[in-house]
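So the structure is just underneath, and the comments pick up after that.
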Amino acid sequence: MDEPEAAGPAPLPLITAEEFEALAPEWEALARDAPGATPFHLPGWHRAWLRVFRPAGEAVFLSIRREERLIGAAALDLSPAGARELGDPEVRDYGGPLALPGEAEAVAAGILEWLREDFTGRLELWGIAADGPWPAAFARAAGQYGWTFAAEPEAVCPGVDLPGTFDAYLAGLGKHDRHELRRKLRNFAAAGEAGFARLTGADAAEALPLLFALMRASREDKAAFLTAEMEAFFGALAAEFGGRGMLSLGVTRLDGRPAAVTLTFEDSETAYLYNSGYDPAFAALAAGLVSKAWTLRDALERGLRRFDFLRGSEEYKRRLGGAPREVLRLRLEDRAGR
C-alpha cells in the first residue's frame with residue numbers, strides 16, 4: 001500500500017495591496033477582534049504619522065482575506081532595500097500586522113508570498129511583542145515557504161496588571177516601593193491644594209502646549225525630541241484619537257499651578273503612558289512620579305485592567321510595579337535571493 005503524501009502548506013488566503021482609506025473601516029473593525037491590537041495598530045495612527053512624516057519608500061497597505069472576509073492587515077514601507085514596518089519605533093511602541101484569532105500563521109505566510117511575487121526579498125518588522133502570536137507565526141511561515149528567520153531583542157515595555165482598587169495595587173508593590181510611593185503622595189497632597197484632571201477631546205488638544213512646555217523643562221533629551229514636526233505629529237494624534245476618548249492628558253496641579261502632565265492612550269482594557277513632563281520647581285515633591293501614579297489610579301478607577309509604561313527601562317517604571325515585557329525585531333530573507 002502506498003504511503004500517503006505529506007501535506008504541503010495550506011492554501012494561502014487572498015492578499016492584496018489596497019488604498020489606505022478604502023481599507024481603513026474594515027481594518028478598524030479587525031482590530032477589535034485581533035489579539036494584541038493596540039492604538040498603535042489602528043489606521044488612525046498611520047494616518048497621523050503620514051500627515052507629518054514620509055516613509056523611506058512607498059507606504060503599502062496589505063489586506064489578507066479568506067472568502068472575502070478580512071482576516072489580517074499589515075502596513076509596510078516598501079523600498080529597493082526591502083520591506084519594513086511602516087513608521088518609526090521612536091514614536092510607535094508596538095508594531096506588526098493584525099490577524100483574527102487563529103489566523104496569524106496564514107497572514108504571515110500571505111505577507112511573505114506577496115513580497116516574493118513583488119520581488120521583495122527582505123522583511124523587517126519591529127515592535128513585535130515576544131509573548132504575542134507573530135514570532136512563532138513568522139518562524140513557521142518562513143520555514144514552510146523558504147525564508148530565513150531571525151528574532152532579536154529590541155526593547156522592553158514594562159507594565160502592571162491593575163486590581164480592583166488602588167489600595168490593592170499598592171499592596172502588590174514591594175514593601176520599600178509601597179512605602180516610598182505612599183510617602184510621596186502624602187507629601188505632595190500636604191504641600192497645598194493638589195488635584196488631578198483628565199482631559200480628552202478638544203480640551204486635550206488645547207492643553208498640548210502645556211505638555212510641550214513641561215517636557216522641555218523637565219529633560220534636555222525631551223526638549224531635543226520636540227521638533228516642530230514632532231509637535232505637529234502629537235497634534236495629529238490628538239485629532240485622530242482625542243475625540244474617541246482614546247487619548248488623554250492628565251494634568252496634576254498644586255495650588256492651581258500645573259506641576260506635571262501625562263499623555264496617555266487607551267483601549268478597552270489598557271492605558272498606555274506615552275509621554276510626560278513636569279515643572280522642575282516641583283521636583284522636590286516628586287511631581288513627575290506623583291502624576292504618573294495618579295494617572296495609573298485614574299485608569300484603575302475607570303475600570304481598565306492594565307497599565308503599560310511602554311518602551312524603556314527607567315527605574316520609575318519598576319518602582320510603580322512595572323514588569324518587563326520583551327519586544328522583538330524580526331528579520332526575514334527569501335532564500336531564493338530575490
Side-chain angles (χ1 to χ4, degrees), residues 13-51 59-77 85-89 91-108 110-111 114 125-138 157 159 200 233 236-248 264-274 299 302-308 310-311 325 327-328 330:
L14 176 65
I15 181 163
T16 309
E18 296 198 25
E19 196 273 328
F20 174 76
E21 292 297 348
L23 179 59
E26 284 183 280
W27 184 352
E28 187 84 29
L30 171 71
R32 290 194 286 270
D33 297 321
T38 71
F40 307 100
H41 292 93
L42 296 182
W45 189 277
H46 296 294
R47 187 182 292 113
W49 191 81
L50 289 168
R51 193 174 299 165
V60 174
F61 304 97
L62 300 180
S63 67
I64 301 92
R65 300 179 183 276
R66 193 185 298 283
E67 297 178 355
E68 299 188 359
R69 183 190 185 193
L70 187 70
I71 65 168
L76 300 178
D77 183 348
E85 187 82 29
L86 180 65
D88 181 354
V91 296
R92 183 171 172 236
D93 293 70
Y94 291 113
L98 291 179
L100 290 178
E103 296 284 10
E105 188 172 342
V107 169
I111 292 170
W114 187 91
L125 299 172
W126 44 258
I128 305 299
D131 58 359
W134 295 113
F138 274 102
C157 289
T200 59
F233 176 56
L237 289 173
E240 288 288 341
F241 293 102
R244 301 172 60 181
M246 297 180 68
L247 176 149
S248 63
T264 307
F265 291 94
E266 67 179 64
D267 52 31
S268 61
E269 293 192 347
T270 303
Y272 305 86
L273 180 63
Y274 189 66
R302 289 185 296 106
L304 298 185
R305 300 174 61 183
R306 184 168 175 81
F307 196 87
D308 193 326
L310 297 178
R311 290 185 182 224
R325 183 191 193 195
V327 174
L328 304 175
L330 309 184

- Message: Could you work out, with salt bridge (charged side-chain N to carboxylate O under 4.0 Å, His left out) as the rule, every residue matching E19, not counting sequence neighbours?
- Response: none

- Heavy atoms only: give me the nearest A74-P97 pair and the separation to one decimal. CB-CB, 4.0 Å

- Message: Give me the atom names and distance for the closest heavy-atom approach of P39 to D267.
- Response: CD-OD2, 3.9 Å

- For P13, the side-chain contact (heavy atoms from CB on, under 4.5 Å) test, sequence neighbours excluded, returns I64, I71, A106

- Task: State the NE2-CZ distance between H46 and F20, to the nearest 0.5 angstrom.
- Result: 7.0 Å

- Where at least one partner belongs to residues 96-107, residue pairs that pass salt bridge (charged side-chain N to carboxylate O under 4.0 Å, His left out), sequence neighbours excluded: R66-E103, E105-R140

- Query: Please walk me through it: do W45 and Y274 pass ring pair (Phe, Tyr, Trp, His ring centres under 6.0 Å)?
  - Reply: CA-CA 13 Å; W45 189 277; Y274 189 66; 5.7 Å; yes

- For residues 24-33, the salt bridge (charged side-chain N to carboxylate O under 4.0 Å, His left out) pairs (sequence neighbours left out) are E26-R65, E28-R244

- List in chain and number order the residues that pass ring-ring contact (aromatic ring centres under 6.0 Å, His included) with F241, two or more places apart in sequence or in another chain; answer none if no residue qualifies. F265

- Which residues pass the side-chain hydrogen bond (donor to acceptor under 3.5 Å, both in side chains) test with D77, sequence neighbours left out? none

- Just jot down the salt bridge (charged side-chain N to carboxylate O under 4.0 Å, His left out) partners of R47, sequence neighbours excluded, or say none. E21, E240

- Message: Do L125 and L76 make a side-chain contact, defined as non-hydrogen atoms from C-beta onward lying under 4.5 Å apart?
- Response: yes

- Task: Report the relative orientation of the aromatic rings in F40 and Y272; use parallel for angles under 30°, tilted for 30 to 60°, perpendicular for over 60°.
- Result: perpendicular

- Nearest-0.5 Å distance that lies between atom CG in D308 and atom CG in D93: 7.5 Å

- Task: Report the C-alpha separation of L30 and L100 in whole Å, then their side-chain angles, then the decisive distance to 0.1 Å, and conclude whether the side chain to side chain contact (heavy atoms under 4.5 Å, CB included) test is met.
- Result: CA-CA 7 Å; L30 171 71; L100 290 178; 3.5 Å; yes

- Going from CZ on R92 to CZ on R311, what distance comes out if it is rounded to the nearest 0.5 angstrom? 9.5 Å

- Message: Taking side chain to side chain donor-acceptor pair (under 3.5 Å) as the cut-off, I'd like each qualifying pair that reaches into residues 126-135, sequence neighbours left out, listed once.
- Response: D131-R325

- Message: I'd like to check the ring-ring contact (aromatic ring centres under 6.0 Å, His included) partners of Y94; sequence neighbours left out, ordered by chain and number.
- Response: none

- Task: Provide the closest heavy-atom pair for A31 versus A37 in the form atom of the first, atom of the second, distance.
- Result: O-CB, 3.4 Å

- List for me each residue that meets salt bridge (charged side-chain N to carboxylate O under 4.0 Å, His left out) alongside E67, sequence neighbours excluded, and say none if there are none. none

- In short, P135 meets G132 closest at the heavy-atom pair CD-O, 3.6 Å

- Item | Minimum heavy-atom distance between A48 and L237, given as atom pair plus value | CB-CD2, 3.7 Å

- Could you pull out all residues at least two apart from S248 that satisfy side-chain contact (heavy atoms from CB on, under 4.5 Å)? R198, T200, T264

- Hits for side-chain hydrogen bond (donor to acceptor under 3.5 Å, both in side chains) against E269, two or more places apart or cross-chain, chain-then-number order -> R305

- If you look at every heavy atom in A99 and P35, which pair is closest and at what distance? O-CD, 3.3 Å

- So do the side chains of L70 and L23 get within less than 4.5 Å of each other, counting heavy atoms only? yes

- What distance separates I15 CD1 from L62 CG, expressed to the nearest 0.5 Å? 4.5 Å

